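To start, the structure itself, in structure tokens.
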Amino acid sequence: MMTSPAHDLGAERAVIGAALLAPATVAELAATLNPGDFYRPNHGALWAAICRLTDAGTPADPITLAAHLAETGDLARVGGAPYLHTLISEVPSVGSAGYYAEIVAGHAKRREVSTLGLRLTQLADSGTDTADLLATGRALLDDTNAGAAWPPLIPLGTGRHLPVFPAHVLPGWVADMVNAVAEFTQTPVDLAGSIALAALSTAAGGRAEVEVRGSWREPTNLFTVVVLPPGSRKSAVFAAITGPLLAAESALTERIKPAIVEAELAARVAGKAADKAAMAAANADASGRDALLAEASAAAMQAEAISVPRLPQLVADDVTSEAVAQLLAEQGGRLAVLSPEGGIFATIAGRYSGTPNLEVFLKGHAGDMMRVGRLSRDALHIPKPALTLGLAVQPDVLRDIASMPGFRGLGLLARILFALPENTVGFRKIGADPVPAEVADAYRETLGALVLALAERTDPVVLPLTEDANARVLDIERAVEPRLAPGGAWGHVVDWGSKYTGAVIRMAGLIHLAEHLCDGWGRAVEAVTVDRAAQLGDYYAAHALAAFDDMGTDQATRNARHILAWIERTGSTTFTKRDLFRATKSATIRAVADLEPALSVLDAHGYLRQVDPPARPRTGGRPSSPTFLVNPEVHQPAATVHPIRDARRTA
């Protein structure tokens, strides 16, 4: 019969409530209790926040603690401000706080011993070498009995505990498809979600603009890039999410074919008429030549004025910058480059030409006028280009593009919404349910309808914001600006952060159009839509920080993050170096020796420590593999921080 781990929630509430009533007791209680000693994760988070405030010299009273938790984004996670007052109301006696702290600490020790037994059982069942198993057991017992203190965790960067893509903020028909595709392919929802945004951008880019406060306009095209390793089923997700765009492209082709045939015939007739008029003028005598020349000139101009429509093309894949410019000109300034690979970055960097060509992508994102001069053909003139980018790249590509000339300095990386989801390979469910037919049909039909409804618009629809929505944008701007200052949270990515508000506005326009298919262009964008887009903005802000951090990180730190991800995913509290190598072997960890730099990084940051090795067996034989213990804080639930949204709430 299963029993719950040892704990006493009443004692936990009494300790925290007493600390809130008498902040002066916190230092004494902290000598007995660590955040990891609490059974309830929200109690551990509350105790950690109380200790942080106390260490900073700030009394941890309920009002101060609530404000601090609201600022960090943890208030809702721990139960909200009302729960703090509930804790206070349940305190039997402040003077008994030490007694209850001992109870909490005692139960924590019992859970450690219980966990030790489970861990050793798991190691034995997995076939761990007997010598390693005995050494690990002794080390764990020694550590548990000694109660060795752990240093505070030093973050390895912003990539840990990244938020999951908030698919629920998308319109229902999009969210349903994103979730269903992620489930069927067993891929992170971030992949389908980011590509779905690119699909909406393909439909609306260049055809709609969002107007802020009557003067500032943002187009509705996006650049999204998802980072996942090989074998992540990126192509399957792309096919499911972007397939309806190709179907809509075929429908547009069928719609325009009669006009193309008619225009081609008219052009041939007019061309022959112009040739005939020119021949007549050439053969005329001097007395009648002027009149015939005028007729021939008019006929030539009439033939020249006939324009044959191009076949519609919504999506391109592996194309050069020059080809993108040509297609933009032919397609009225609108195009999407969608691909489950990142080869386009090497092409932009000059793989074929030897010279980087970023102008098309920079201006294509901003909507700035583009003129491309060509020696052999007429110059291209694109008044308001709208280029969409939707890619899935491998981690190595992300690191490579940071060093490509001009990518950071000229601002291409600043325009990208990065997503760095956790890899699901090795943990996928076999035989997952397929995408329901009604979900796929609704997505295909609705996305196709959006494409067809906006395709023939030559001038973009202007989507104004309501008064409340404009106020929301001002709140976002107020929250962002201090973060861009030197030393601010985004001071090192000021190029990306400066475009954050514009990206939120663009996503709000896409959500609005996708939710109001019939009359979206005839109504203003509401505040709730901006709020939903801001949740996407929070997500991409966290992932952008991780992406830029990863681009500037050395290999030892990358391997350390790889190991840390395995520790968190498996819940490991101890492991041997031999077991770790078997579990994390990769392209950059090819031998056990390759683990050394990464383990040193993790040790220096407080994530783990090596236990003293047992004495070498007198009988000889292979020595035990070194054993490492994991800081219990690693497995504490992490806070999901939403800096912009929380700043709006407290503004």
Side-chain angles (χ1 to χ4, degrees), residues 203-209 217 219 221 248-316 319-336 353 357 359-364 366-387 451-462 521:
R207 296 156 179 85
E209 295 177 343
R217 290 186 181 180
N221 55 301
E249 185 179 286
S250 297
L252 287 172
T253 298
E254 292 301 317
R255 178 190 290 185
I256 202 173
K257 271 185 177 179
I260 293 176
V261 172
E262 182 179 346
E264 288 176 341
L265 179 60
R268 285 200 299 271
V269 171
K272 289 183 178 180
D275 291 342
K276 184 177 180 180
M279 184 65 69
N283 294 330
D285 55 28
S287 61
R289 181 172 298 163
D290 290 344
L292 291 175
L293 279 174
E295 292 178 7
S297 178
M301 292 178 64
Q302 182 178 355
E304 184 69 23
I306 298 174
S307 176
V308 179
R310 292 279 184 174
L311 286 174
Q313 182 172 349
L314 298 175
V315 178
V319 291
T320 64
S321 298
E322 292 75 15
V324 169
Q326 178 68 33
L327 287 170
L328 280 170
E330 293 175 355
Q331 300 298 322
R334 303 153 181 170
L335 184 70
S353 64
N357 187 351
E359 183 180 16
V360 172
F361 288 85
L362 299 177
K363 292 186 174 181
D368 294 337
M369 184 192 71
M370 188 185 306
R371 291 186 67 86
V372 181
R374 301 182 298 182
L375 295 176
S376 59
R377 290 171 287 176
D378 294 337
L380 299 176
H381 175 69
I382 309 168
K384 296 186 72 172
L387 182 63
V451 170
L452 296 176
L454 296 172
E456 295 180 356
R457 290 184 174 272
T458 54
D459 294 322
V461 175
V462 177
W521 44 83

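These numbers come from a predicted model, not from an experiment.
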Sorted by chain and number, sequence neighbours left out, side chain to side chain contact (heavy atoms under 4.5 Å, CB included) with Ala323 holds for Val319, Thr320

**Backbone N/O of Gly205 and side chain of Arg207: donor-acceptor pair under 3.5 Å** = yes

Sorted by chain and number, sequence neighbours left out, side chain to side chain donor-acceptor pair (under 3.5 Å) with Gln302 holds for none

Using a 3.5 Å distance criterion without hydrogens, assess whether the side chain of Asn221 forms a donor-acceptor pair with backbone atoms of Leu387. yes

So CD1 of Ile382 and NZ of Lys363: to nearest 0.5 Å the spacing works out to 10.0 Å

Here the pair of heavy atoms bringing Ala386 nearest to Leu328 is O-CD2, 4.2 Å

Across all chains, not counting sequence neighbours, the side chain to side chain contact (heavy atoms under 4.5 Å, CB included) partners of Ala453 are Trp521

Scanning both residues in full, the closest heavy-atom pair of Ala251 with Leu452 reads CB-CD2, 4.3 Å

In short, Ser321 meets Val360 closest at the heavy-atom pair O-CG2, 3.8 Å

- Message: For the backbone of Glu209 and the side chain of Arg217, can you confirm whether one donor and one acceptor N or O come within less than 3.5 Å of each other?
- Response: no

Exercise. Taking the side chain from Gln331 and the backbone from Gly333, do they hold a donor-acceptor pair closer than 3.5 Å?
Worked result: no

When every non-hydrogen atom of Gly206 is compared with those of Pro460, the smallest separation belongs to O-CB, 3.8 Å

To the nearest 0.5 Å, atom CD of Glu249 lies from atom CD of Glu254 at 12.0 Å

For Ala204, the side chain to side chain contact (heavy atoms under 4.5 Å, CB included) test, sequence neighbours excluded, returns Thr220, Leu454, Leu510, Leu513

Across all chains, not counting sequence neighbours, the side chain to side chain contact (heavy atoms under 4.5 Å, CB included) partners of Met369 are Arg371, His381

Taken in chain and number order and not counting sequence neighbours, the residues that satisfy side chain to side chain donor-acceptor pair (under 3.5 Å) with Arg457 are none

The reported gap from CG in Leu314 to CG in Leu327 (rounded to nearest 0.5 angstrom) is 11.5 Å

